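Taking it in order: structure first as structure tokens, then the write-up.
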Amino acid sequence: MLPRSTGLLINDYTSFWPAQTLLGGLYIYEFLVEQFKAVKRGWLSFTHQISSINSLMLTYSYKYVNDCVIITSVMDVKNTFFKGIKPADDGSRSAILQTRVGRVMTPIFMPDGTRGVVKSLTPEQVESTGVQVVLANTYHLHLQPGEQVVSALGGVHGFGKWRGPILTDSGGFQIFSLSKLRKITEEGVEFKHPVTGEMRLITPEKSIQIQLELGSDMIVAFDHLTGLDNKSRKDVLEAYERTHRWLERCIKEFERLTVDMPEEQKPILFGVVQGGLDKELRRKSLEIVQSSNVGGIAIGGLSVGETKAEMYDILNFLTNYYDNSPRPRFLLGVGDPPDIRYAIEHGIDMLDCVLPTRNARHATVWVAGDKKIHLTNSKYIDDNSVIDPGCDCYTCESGYSKGFLRHQFKVKEPLAGTLCSIHNLRYLVRICEEYRGGQPA
RNA sequence: GUGCCUAUAGCUUAGUUGGUUAAAGCGUCGGGUUGUGGUUCCGAAGAUCGAGGGUUCAAGUCCCUUUAGGCACC
């Protein structure tokens, strides 16, 4: 329960209608109090049915600042799953993505919880950063402990206790990046189990089956990825063509397995655009994916070794060919702040990356201006300042000094990685929030 | 007092019958990381081999003296 003294501030949200004009602060406060019983701190968005006013379904995003509740956005939502798309002058767009377990606001950054959890963080800590969606990896969970086990333990939600939406990767990337022994055929990819040594076959159908059994809310088609080595045009072309053949099989399998599900209970399937750095292939690939029966468009095969300029070039190029269908665009594997900004300003709605959490565990954190610092540097040994005084993450607001964090990293105390993961995630989420129609106070 | 053992980078050690710029781990310092093989990866600095003398073309390696620490015996 919020203390009576807690005030309510509503941002001047000119780009969003009609909440702040229709509803007085007091009115919102009345029902927010009920909602806040469950969530003590965070930026979770939630919806509330206001029966007295036109039966509007509104989604609110809020945060605490100095013990005040601040509504950072209020949006009207209809029934389709990607709604309220609002383009901005800078090329970005904000919207609401409706999943079967809740709505999230885009643009959105999604941390990778490879094995069912974001490393070193509890779900509550992840929530506190404003993260709305978490990724899990099909490849890892399939190998260990297996999708049947995860399913028996309540699916990815019950398993890792993340209440928000979960997106699973197809497993394709890991097979290509982590498995030394692998054989790619038209049927699928055969690879050696890294632990048991036995050969496993993952097909497009199998990947969809696993992801559905895991209980994921958003799933990704099994694609053929190139770009990890010096690739020839022939390889790129082959991967590109195979990706599209596999996409058809993924869609068919997805439709078969979800045919009896109510529409609102179906996960969202993302098709993957490939084509390497070849613009013609990229354009055609986008065209093919967009003309397919998929709920979302994923851009794959970037941030895998090419230069930033090359990646930017492709992202910029693709903006000319996105269609008008209300589908989210998901850029796979990008998490460097400047890259995130560039992607969002070129029409990307969703991104995931291991960078914030991996860097954090290795003592590298972002500070204002997208600069990164190494907390283990000796100059921080007696530095009593927080990572970033302008940051509102738990770590910075609690006052953990750089000197303290440096010491904990030096003695390998895991808490240091946890605290910095919270900071880095918050940093990326704040970038996304800047594009959601306005900046929180 | 006598005998024996040890002494190599900040720490712990490797250095083969004496043979090219004395090696490694940890630590220190710096960097990398983009659909995550948990506590990672890469690089750098850092040693006049306890000290002094001798033998030899050549000594961390052999000899002598000496210093410090350890063990054993008087």
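None of the values given here were measured: they were computed from a predicted structure. Below, chains carry the letters A, B, ... as their sequence lines are ordered, and counting in each starts from 1.
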Might you work through the side chain to side chain donor-acceptor pair (under 3.5 Å) test for A/Gln211 and A/Thr168, ending with a clear yes or no?
-> CA-CA 7 Å; A/Gln211 294 186 69; A/Thr168 46; 2.7 Å; yes
Quick one: are A/Ile314 and A/Leu277 in side-chain contact, heavy atoms under 4.5 Å?
->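 Touching, per the 4.5 Å side-chain cut-off.
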Can you find a heavy atom in the side chain of A/Ser120 that is under 4.5 Å from one in the side chain of A/Thr357?
->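 No, too far: nothing below the 4.5 Å cut-off.
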Could you summarise the pairing of RNA chain B as dot-bracket text, marking Watson-Crick and G-U pairs under 3.5 Å with ( ) or [ ] inside the strand and | across strands?
-> (((((((..((((.....[...)))).(((((.......))))).....(((((..]....)))))))))))).
Under the side chain to side chain contact (heavy atoms under 4.5 Å, CB included) rule, collect the residues that match up with A/Ile381, sequence neighbours excluded.
->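 Residues passing side chain to side chain contact (heavy atoms under 4.5 Å, CB included) with A/Ile381: A/Arg406.
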Any sub-3.5 Å donor-acceptor pair from A/Ser401's side-chain atoms to A/Phe404's backbone N or O?
->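 Answer holds: yes.
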List, with names and distances, any nitrogen or oxygen atoms from the protein found under 3.5 Å away from nitrogen or oxygen atoms belonging to nucleotides 39-45 of chain B.
{"from": "B/U39", "atom 1": "OP1", "to": "A/Arg361", "atom 2": "NH1", "distance (Å)": "2.5"}

Quick one: do A/Glu213 and A/Lys206 make a salt bridge, cutoff under 4.0 Å?
->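 Not counted as a salt bridge, because no side-chain N and carboxylate O are separated by less than 4.0 Å.
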Quickly work out the A/Lys379 NZ to B/G30 C1' distance and round it to whole Å.
->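 Rounded to whole Å, this separation is 11 Å.
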Spell out yes or no: do the side chain of A/Thr364 and the base of B/U33 have one donor N/O and one acceptor N/O closer than 3.5 Å?
->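 For A/Thr364, whose side chain was compared with the base of B/U33, there is a donor-acceptor pair (under 3.5 Å).
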Which part of the nucleic acid, if any, lies within reach of A/Thr376 when heavy atoms closer than 4.0 Å are counted: base, sugar-phosphate only, or nothing?
->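 Counting heavy atoms under 4.0 Å across all strands, the contact made by A/Thr376 is with sugar-phosphate only.
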If you look at every strand shown and take non-hydrogen atoms under 4.0 Å, does A/Gln274 touch a base, only sugar-phosphate, or nothing?
->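 Counting heavy atoms under 4.0 Å across all strands, the contact made by A/Gln274 includes a base.
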Side-chain N,O (A/Lys410) to OP1/OP2 (B/G27) below 4.0 Å |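 Checking A/Lys410 against B/G27: no side-chain N or O falls below 4.0 Å of OP1 or OP2.
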For the pair A/Phe191 and A/Tyr139, evaluate ring-ring contact (aromatic ring centres under 6.0 Å, His included) and give the outcome as yes or no after the intermediate values.
-> CA-CA 11 Å; A/Phe191 64 99; A/Tyr139 174 84; 5.7 Å; yes
Span that lies between the P atom of B/G52 and that of B/U8, in whole angstrom |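 Straight-line distance between the two P atoms is 15 Å.
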Nearest-angstrom distance, C1' atom, B/G15 to B/A23 |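 My reading of the C1' atoms in B/G15 and B/A23 gives 7 Å.
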